[in-house]
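Working notes for the structure below.
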Amino acid sequence: MRTIEELNRYCLQYGFFYPTAEIYKTAPSGFWEYGPLGTLLKQKFLQMAMKELVRKDEMILIDGSQILPRDVFLASGHLNFFTDPLCSCNNCGSIFRADKLIEEQAGIPVPERTPPQEIIRLLQNVKCPSCNGELGNLRLFNMMFKTTVGVNGDEVYLRPETAQNIYISFPRLYVYARRKLPLPVAQIGKSFRNEISPRQSLLRLREFTQLEVEVFYNPKTVNDIEKYKKVKDKRIPLYINNQRIMLSCEEAVEQGYISNWLQAYYLTLIYEFYIKLNIPPEKIRFRELSDDEKAFYARRAWDLEVEMSMGWIELVACNDRGDYDLTAHMKVSGEEMYVPDNTSRLVPHVFELSMGVDRSILSLLDLNLIKENERTVLRLHPALAPITVAVFPLIKNDMLVRMAKDIYELLRLDFDAFYDDSGSIGRRYRRQDIIGTPYCITIDFDTLKNQTVTIRDRDTMEQNRVETSQIKKYLIERLGIYQF
Ligand code: GAP
């Protein structure tokens, strides 16, 4: 089994990502940057999400500000409830997350929103992991980054989820979408959380990318909408009583594991997206969160989890937020959020898909990096591979090099292409295999005679002879609609 450290070493070595400001000893943890290959992978991941989620479901897309005024988070509840309990050692002063320490050391679960008095009582069961001293001084630590704006120093916050931009724009978006419900709105952007213990590279960051979909709906019509009913017979993996079970959406709704057709439809949409990315279906499951685990705004919540080398990891939070957010913003801002739908007026409810983009990318790297007999290969979906096509002259012969460079020139504006003439051809193939390049073109002496090249497939290692005039067509056919 691969460890996260081994995966990180690979990602650092090949330039997928690395710690921010790593040349400075003062750099805080929890910030990572995408390098050349990681940036291409992330871009292609988002392009695929645009097709398979946003365009597929006819969502509208916005791009909001990352800094928002205090009132937004007063209304949303993040000012009061987006906190973790901290304690410190009376002897050495070290600071810890109290709930995690109690769970790890004493084996006592500490649910979300446990009252501080109870945490103080439970702290008597644990000691400081550094010096064995007594623990105390419990305080609630808000995970939002606070800053100020303008000369008056008005209090503002970096958003801890992208969702809030969508809620506060609802009146405009509703008009834009011709006053129709259900209304799915997507946003891709950065979120910021002052995590107490950021770790495991892209798994727990302080600055990360989310793709969030907020679906505004009328709870009275969730089961009447035609497109939702189309998923009736589709099967999705639910984690029930410690078992992963495939249930049709109809069974899941009838048996109450999912509340309605709208939820079934969106859970299916996100499940099928991860399958499109080539994540094996048996490594995906939906786990419903208990009341102790749910966020303060959620009525019902499922995590889409993927089984990575380090266990099942949450990639997407799927939350039924009811009318919590719009009602809260209506109260604090005074802006009307009631809309007419059918015969009634209502504050729309929200079902949310909240995807961690960085975690998803880490899962793709982990699940696709395969050690075979004599090679290591990153078997990414061809459309996700950072480099789509590499071009090599068979040997460093002037005519072959010239021809190979011409072909590279022909391709590089339409595809992420890479030219390489150093080392043996076998080593050049291996170097592309390990970073996931799906196609390698080799120019040999036959190319000079009959204008054909070989195109090697990363996964089968088979080589096809293709006319130079047909190379683009060959690649486009294989990348299908996903040609970036
Ligand atoms: N709007 C709801 C929301 O933000 P969440 O469960 O807090 O829900 C959603 O976050 C997703 O964002 C998670 O499933 C995870 O993939 C990602 N995520 C959350 N915190 C993260 C962090 N500190 N680092 C990286 N990804 C994170």
Side-chain angles (χ1 to χ4, degrees), residues 4 17 19-20 28-34 38 42 45 49 64 66 68 72-73 76-78 81-84 97 100 112 141-145 157-168 185-215 266-267 270 273-274 277 279 284-290 293-306 308 310-322 324-326 328 350-364 366:
I4 182 87
F17 53 76
T20 298
S29 58
F31 297 91
W32 290 72
E33 320 232 321
Y34 286 93
K42 183 174 174 182
F45 174 88
Q66 296 169 4
L68 294 168
V72 169
F73 300 111
S76 71
H78 285 84
F81 305 124
F82 198 55
T83 54
D84 277 338
R97 208 174 130 174
K100 292 287 163 235
E112 289 266 325
F141 174 77
N142 193 297
M143 289 196 291
M144 283 195 295
F145 287 101
Y157 291 83
L158 273 71
R159 63 184 180 193
E161 57 171 3
T162 64
Q164 294 305 323
N165 297 85
I166 300 179
Y167 304 140
I168 57 181
V185 185
Q187 183 175 206
I188 301 164
K190 289 281 182 121
S191 290
F192 304 84
R193 296 182 189 177
N194 199 357
E195 297 281 357
I196 294 167
S197 40
R199 62 199 134 92
Q200 297 180 310
S201 68
L202 304 193
L203 283 190
R204 192 163 297 286
L205 294 157
R206 287 180 164 143
E207 174 181 339
F208 55 98
T209 302
Q210 288 186 315
L211 187 165
E212 296 200 296
V213 178
E214 311 298 320
V215 187
Y266 282 101
L267 294 183
I270 194 77
F273 170 66
Y274 280 94
L277 296 171
I279 298 213
I284 308 175
R285 71 182 186 194
F286 290 104
R287 186 175 69 82
E288 180 161 13
L289 302 191
S290 64
E293 296 172 293
K294 275 185 321 202
F296 58 88
Y297 45 69
R299 293 186 172 187
R300 260 187 112 168
W302 295 261
D303 281 349
L304 180 147
E305 298 179 330
V306 163
M308 295 172 57
M310 32 280 178
W312 288 91
I313 304 288
E314 169 199 342
L315 300 190
V316 188
C318 314
N319 294 312
D320 179 0
R321 295 174 74 135
Y324 175 89
D325 297 276
L326 289 191
V350 170
F351 187 67
E352 161 181 80
L353 299 176
S354 172
M355 175 198 292
V357 170
D358 312 280
R359 278 190 193 182
S360 299
I361 286 170
L362 194 70
S363 76
L364 288 174
D366 182 41

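Along the sequence shown, residues are numbered consecutively beginning with 1. Owing to the predicted nature of the structure, the values given are computational and were not obtained by experimental measurement. Order of listing sets the numbers, starting from 1, for every ligand and every atom in it.
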Go through the steps to decide whether E288 and R300 satisfy the test salt bridge (Lys or Arg N to Asp or Glu O under 4.0 Å), and finish with yes or no. CA-CA 8 Å; E288 180 161 13; R300 260 187 112 168; 2.8 Å; yes

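- Residues T20 and E33 have side chains that bring a donor and an acceptor to within less than 3.5 angstrom of each other.
- Annotation: ring-ring contact (aromatic ring centres under 6.0 Å, His included) contacts of F296 (sequence neighbours excluded): H78, F81.
- Ligand 1 lies under 4.0 Å from heavy atoms of E161, R193, E195, L202, L203, R204, L205, F208, Q210, E212, Y297, E314, L315, V316, A317, N319, R321, E352, S354, G356, R359.
- Sequence neighbours left out, the pairs with a member in residues 205-214 that pass salt bridge (charged side-chain N to carboxylate O under 4.0 Å, His left out) are K190-E207.
- Checked against salt bridge (Lys or Arg N to Asp or Glu O under 4.0 Å), D325 has the following partners two or more places apart in sequence or in another chain: R321.
- Figure legend: R287 and W312 shown without cation-pi pairing, the cationic atom not lying both under 6.0 angstrom from the six-membered ring centre and within 45 degrees of its axis.
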